Amino acid sequence: MKQPAPQTIHLSDYRPFTHVIESVHLTFRLAPKATRVLSRIVFAPNPAAEPGALFLHGEDLTLIRATIDGAEVTPEITDTGLTCAVPEGRFTWEAEVEISPATNTALEGLYMSNGMYCTQCEAEGFRKITYYPDRPDVMAPFTVRIEGDLPVLLSNGNPTDHGAGWAEWTDPWRKPSYLFALVAGDLVAHQDRFTTRSGREVALNIWVRSGDEDKCAFAMDALKRSMTWDEDVYGREYDLDVFNIVAVDDFNAGAMENKGLNVFNAALVLASPETATDANYERIESVIAHEYFHNWTGNRITCRDWFQLCLKEGLTVFRDQQFSGDMRSHAVKRIDDVLALRARQFREDNGPLAHPVRPESFVEVNNFYTATVYDKGAELIGMLKTLVGDEGYAKALDLYFERHDGHAATIEDWLKVFEDATGRDLSQFKLWYSQAGTPRVSVEDSFADGTYTLTFSQSTPPTPGQPDKRPLLIPIAVGLLSPNGEEVVPTRVLELTKPRQSFTFEGLGARPVPSILRNFSAPVTLRRESSADERAFLLTHDTDPFNRWEAGRSLAKDVLVALVTEAADPAPAFLDGLDTLVRDDSLDPAFRALALSLPGQDDMAQTLFDAGTTPDPDRIHAAERQLGRAIAGRLGTTLADLYDALHVPDERYSPDAEAAGRRALRQTALRYLSLIDDGARAKGQFEEADNMTAQVGALTCLLDIDQADAALADFRHQWHGKRLVMDKWFGLQANLSRPDKAVAVTRALTNDPDFDWKNPNRFRAVIGGLSANAAGFHDPSGAGYALVADWLIRLDPVNPQTAARMTTAFETWRRYDADRQALIGETLERIAATPGLSRDTAEMVGRILGR
Ligand code: TRP
Ligand code: ZN
């Protein structure tokens, strides 16, 4: 089929839809290559819009017939939809279309995964199911009848009727089409119940393929905890009689919040101690919560248009982060979230793909499900909460639900609620939504006559399309410590609003040590000249756990920078400090594990680049190794003692935070020890492992030191045919193989008979694994670039969404030396010149190239 001409959509072009919808009735007659979809939609003129002909989106549909009020019509049909003259008042549109789920490899619209029918409609997939105003501001109640020869037939809402080979579902809540879902297959349910606080009985089901029902208990428990938490913390109750979750093997993203019928990537539901790691469990808990929380922030209140995506995603990420913090440790969760923010969002914000949290234009909306919209979007909610306080935040959220329930809202609506609830003027704060780039904040201090002064400067670098930036309102949480380590000024939030601004603290007996940007109170890069001694002091004495960790991290970065640029040995003081911290049993093991782990290679590349040095991926990798060996050498006894002491013989695996924290610290110790014990401990651990955390942990260490061949063979033998576990086998090798071997190893993996490349999880494991293997991907020959590009070109016509997303492997190219830039530039041009390239990938590659 001919491709629609790429067109840029602008926020400023928003117009309400000509009509409103009173009701939607859909009938699906399922057949793999010839599913019939019958629609009956009651339209009425939208009093808030200019009247006009009816335009309905539709792509890849075969229209069988269409009627208005029973009379046959012949609409004008294009690649993107149809236009039809319609009566002036209300009317009933009926249409029958044919679609082919079995050949839908893009995994958008109605498709098939291992014999099961399933849908993915966000953002614009519903138009591949039937003709419809496929835009989030058109909300309607849906009734769905499914006819098919499969035992389980599911859709949104409550089940209202069923018979042999058919089922009917009614969703009483008005919703936009992107929240529509249908699932049909041979599935079994892990069942439970939940009673809401007002007494509604809710049936909970997690639907999986037969054989997986023993891997649902953790997700179910996470769901019930999420439901209770949203009642307790936000006062939000569930609003249907059933809540269904389905695990799907082939899925482009993590999971999807369809009303009453969440669809999940199987990797984010299924877990058993033998097959899932601690990290998998933690992620499952947070994604189950995320999708459940969308029921209020996303579904009951949705987005007016896709430019407002952060309205639901930023807020829902913020809510799932709060939840995980409450379930586990707030300090550890915050550090993990900031690590992810810096690794993904700062990377994006400092490259050619930088865009505002609320973008102002796009070609393909799927390309804007980004770390900026999600994770920086969540940071903006956190800053708002810091600025208005916990009570102000609670009042504003209550008003938000009261005022906008059942509607499609904007960022303006969201901010107005905060202004009305708290009386604050948020016009300067609003710039955070429209201005891209990571702000740089630098700080100087002075002390005289008992008065301590902090002077901040802020600036935001240019980003594509935004050469000049205005000053933002930046909340900076600050505390002051006395030289003997006591907190003399507890955390206070300074509001930086000007390009340069001073704040004073009076009545101090001695020059204090400042702890700035506590809990990472704003998504900025903080620059401050400070001595290694001062940071070592904060590492020991700060009362803010985030900044304690941050002090250690910044010391480690300095050490790595010195290793890379001047081959300087790590300072003994740094190693001593680390030893003291790691031995401190009063500290949470999970926190100690974080303090002991080194900045990643990509983070170091950006750090060097920011400091004016062209990063060399090989040297960064070598420096990391050297520092690893130095730490292992200096802390060897401590680490060996920890490794032994943290092992509880015959302990039954439990995924809780406390046990996972102990395992994380033990694993960090093992990773260092493996650099000096020739893998002896890791080999032993691999042999004895009775859970996947231990097994993957050992394999990771063995790959690090290139001694994993035997373990890899055993692992494959043990787990052959188990898709989710084999994804780890593929991914770990691509990601952790030695830089000089990584491309060859990855190429061999792509030739493996089990490399099912049309499955997004498997493709991401292998090709994404190599892209994240910094020194391997950036091999000076360019072989890494070529291999990734070859596979993106191959995947693009099959699954443009996943291909486009993975082009971000190249987004950092401007950091590197001229030779590498030339190689990447040619590679990107090669992708761009591919005939028939999707709109998705074309937009991404064009933006990365700076066009
Ligand atoms: N709304 C989903 C979430 O964040 C994201 C999502 C699921 C998605 N599937 C998608 C986004 C497909 C783009 C394309 O919870
Ligand atoms: Zn979401």
Side-chain angles (χ1 to χ4, degrees), residues 104-111 113 118-129 134 136 156 175-183 223 226 230 245-269 283-303 306-324 340 344 357 359 362 364-378 381 760-761 764 799-806 808 838-841 843-844:
N104 177 357
T105 58
L107 315 182
E108 184 187 45
L110 178 67
Y111 66 95
S113 169
C118 109
T119 55
Q120 172 55 40
C121 292
E122 187 175 4
E124 298 180 334
F126 193 73
R127 62 190 64 183
K128 294 178 156 188
I129 292 176
D134 191 14
N156 314 91
K175 68 166 174 293
S177 52
Y178 82 87
L179 292 172
F180 169 81
L182 176 153
V183 169
L223 173 61
S226 304
D230 214 14
I245 288 177
V246 182
V248 185
D249 292 327
D250 298 279
F251 202 66
N252 280 339
M256 180 62 212
E257 70 266 24
N258 317 300
K259 184 79 188 190
L261 179 53
N262 285 190
V263 176
F264 272 64
N265 188 322
L268 295 171
V269 178
R283 178 114 177 95
I284 289 169
E285 179 178 278
S286 80
V287 179
I288 290 274
H290 180 98
E291 306 310 334
Y292 175 73
F293 296 158
H294 267 314
N295 191 53
W296 275 94
T297 52
N299 301 4
R300 289 284 290 256
I301 304 179
T302 193
C303 303
W306 292 118
F307 296 103
Q308 321 295 329
L309 182 58
C310 64
L311 179 78
K312 74 177 177 80
E313 295 304 346
L315 177 54
T316 305
V317 170
F318 180 71
R319 276 153 49 72
D320 84 52
Q321 291 175 345
Q322 286 184 300
F323 168 78
S324 295
R344 305 192 311 127
V357 170
F362 57 69
E364 172 50 63
V365 62
N366 282 321
N367 289 336
F368 285 84
Y369 286 74
T370 59
T372 297
V373 170
Y374 277 65
D375 300 344
K376 189 174 178 181
I381 313 285
N761 289 0
R764 271 190 291 259
N799 185 337
Q801 252 182 59
T802 293
R805 199 158 300 177
M806 293 182 69
T808 53
S838 68
R839 177 175 56 170
D840 312 54
T841 301
E843 181 188 24
M844 292 295 281

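Only a predicted model underlies this, so the values are computations on that prediction, with no experimental measurement involved. In listed order, ligands and their atoms are each counted from 1.
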Asker: First locate atom CG of Asn252, then atom OG1 of Thr802, and finally report the distance between them rounded to the nearest 0.5 Å.
Answerer: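 Taking CG in Asn252 and OG1 in Thr802, the distance rounds to 3.5 Å.
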Asker: Using only heavy-atom distances, determine whether the side chains of Asn761 and Asn265 contain a donor-acceptor pair under 3.5 Å.
Answerer: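 Yes - a donor-acceptor pair under 3.5 Å links their side chains.
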Asker: Could you check which N/O/S atom of His294 is closest to the Zn ion (ligand 2)?
Answerer: NE2
Asker: As a quick check of understanding, evaluate side chain to side chain donor-acceptor pair (under 3.5 Å) for Tyr369 and Glu313, giving each step before the final call.
Answerer: CA-CA 9 Å; Tyr369 286 74; Glu313 295 304 346; over 6 Å; no
Asker: Considering only heavy atoms of His290, which atoms of ligand 1 have at least one such atom less than 4.0 Å away?
Answerer: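 Result: 3 (C), 4 (O), 15 (O).
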Asker: Would you tell me which option among Glu108, Gln120, Met256 has the nearest heavy-atom contact to atom 10 (C) of ligand 1?
Answerer: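 Nearest heavy atom to atom 10 (C) of ligand 1 lies in Gln120.
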Asker: For ligand 1, note which part of Glu124 has a heavy atom under 4.0 Å away: side chain, backbone, both or neither.
Answerer: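 No part of Glu124 comes within reach of ligand 1.
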Asker: Nearest protein heavy atom to atom 14 (C) of ligand 1, by residue and atom, and its distance?
Answerer: Gln801 OE1, 3.3 Å
Asker: So does Glu291 have any N/O/S atom less than 2.8 Å away from the Zn ion (ligand 2)?
Answerer: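 No, outside the cut-off.
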Asker: Would you check, one step at a time, whether the test side-chain contact (heavy atoms from CB on, under 4.5 Å) holds for Thr119 with Leu182?
Answerer: CA-CA 6 Å; Thr119 55; Leu182 176 153; 4.0 Å; yes
Asker: Relative to the ring of Phe180, is the ring of Phe126 parallel (under 30°), tilted (30 to 60°) or perpendicular (over 60°)?
Answerer: perpendicular
Asker: With nothing but distance in play, are any N or O atoms of Asn252 less than 3.5 Å from an N or O of ligand 1?
Answerer: no
Asker: So which heavy atom in the protein is nearest atom 1 (N) of ligand 1, and how far is it from that ligand atom?
Answerer: Glu122 OE1, 2.5 Å
Asker: From atom 13 (C) of ligand 1, work out which of Asn366, Asn258, Val365, Asp320 has a heavy atom at the shortest distance.
Answerer: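 When every heavy atom of Asn366, Asn258, Val365, Asp320 is considered, Asn366 comes closest to atom 13 (C) of ligand 1.
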Asker: Which atoms of ligand 1 sit under 4.0 Å from any heavy atom of Lys312?
Answerer: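 Result: 1 (N).
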Asker: At what distance is the nearest protein heavy atom to atom 4 (O) of ligand 1, and which residue and atom is it?
Answerer: Tyr374 OH, 2.6 Å
Asker: Can you tell me how far CG of Leu179 sits from SG of Cys121, rounded to the nearest 0.5 angstrom?
Answerer: 9.0 Å
Asker: Using a strict 4.0 Å cut-off to heavy atoms of Glu257, name the atoms of ligand 1 that fall inside it.
Answerer: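 Those of ligand 1 that fall under 4.0 Å from Glu257 are 1 (N), 2 (C), 3 (C), 15 (O).
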Asker: Among all protein heavy atoms, pick the one closest to atom 6 (C) of ligand 1 and tell me residue, atom and distance.
Answerer: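 Looking only at protein heavy atoms, the one closest to atom 6 (C) of ligand 1 is Ala255 O, 3.7 Å.
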Asker: Of all the atoms in ligand 1, which lie at a distance below 4.0 Å from a heavy atom belonging to Glu291?
Answerer: 3 (C), 15 (O)
Asker: Taking Arg127 first and then Glu108, would you say they form a salt bridge - that is, a charged N and a carboxylate O separated by under 4.0 Å?
Answerer: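 No, no charged N to carboxylate O under 4.0 Å.
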Asker: Given OE2 of Glu313 on one side and NE2 of His290 on the other, what angle do they make at the Zn ion (ligand 2), to 10°?
Answerer: 160°
Asker: Salt bridge check, Arg319 against Asp230: does any charged N sit closer than 4.0 Å to a carboxylate O?
Answerer: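 Looking at Asp230 and Arg319, the cut-off is met.
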Asker: Should the ring pair Phe362 and Phe368 be called parallel, tilted or perpendicular, given that the plane angle runs from 0 to 90° and is split at 30 and 60?
Answerer: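 Ring orientation of Phe362 relative to Phe368: tilted.
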Asker: Say whether Glu313, considering both its backbone and side-chain N or O atoms, lies within less than 3.5 Å of an N or O atom on ligand 1.
Answerer: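 Right, the criterion is met.
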Asker: Nearest to atom 8 (C) of ligand 1, what protein heavy atom do you find, and at what distance?
Answerer: Ala253 CB, 3.9 Å
Asker: Before giving the answer on side chain to side chain donor-acceptor pair (under 3.5 Å), spell out for Ser286 and Asp320 the whole-Å C-alpha distance, their side-chain angles and the decisive distance to 0.1 Å.
Answerer: CA-CA 6 Å; Ser286 80; Asp320 84 52; 4.6 Å; no
Asker: Kindly determine whether Asn367 and Glu843 satisfy side chain to side chain donor-acceptor pair (under 3.5 Å), including the steps that lead there.
Answerer: CA-CA 8 Å; Asn367 289 336; Glu843 181 188 24; 2.8 Å; yes
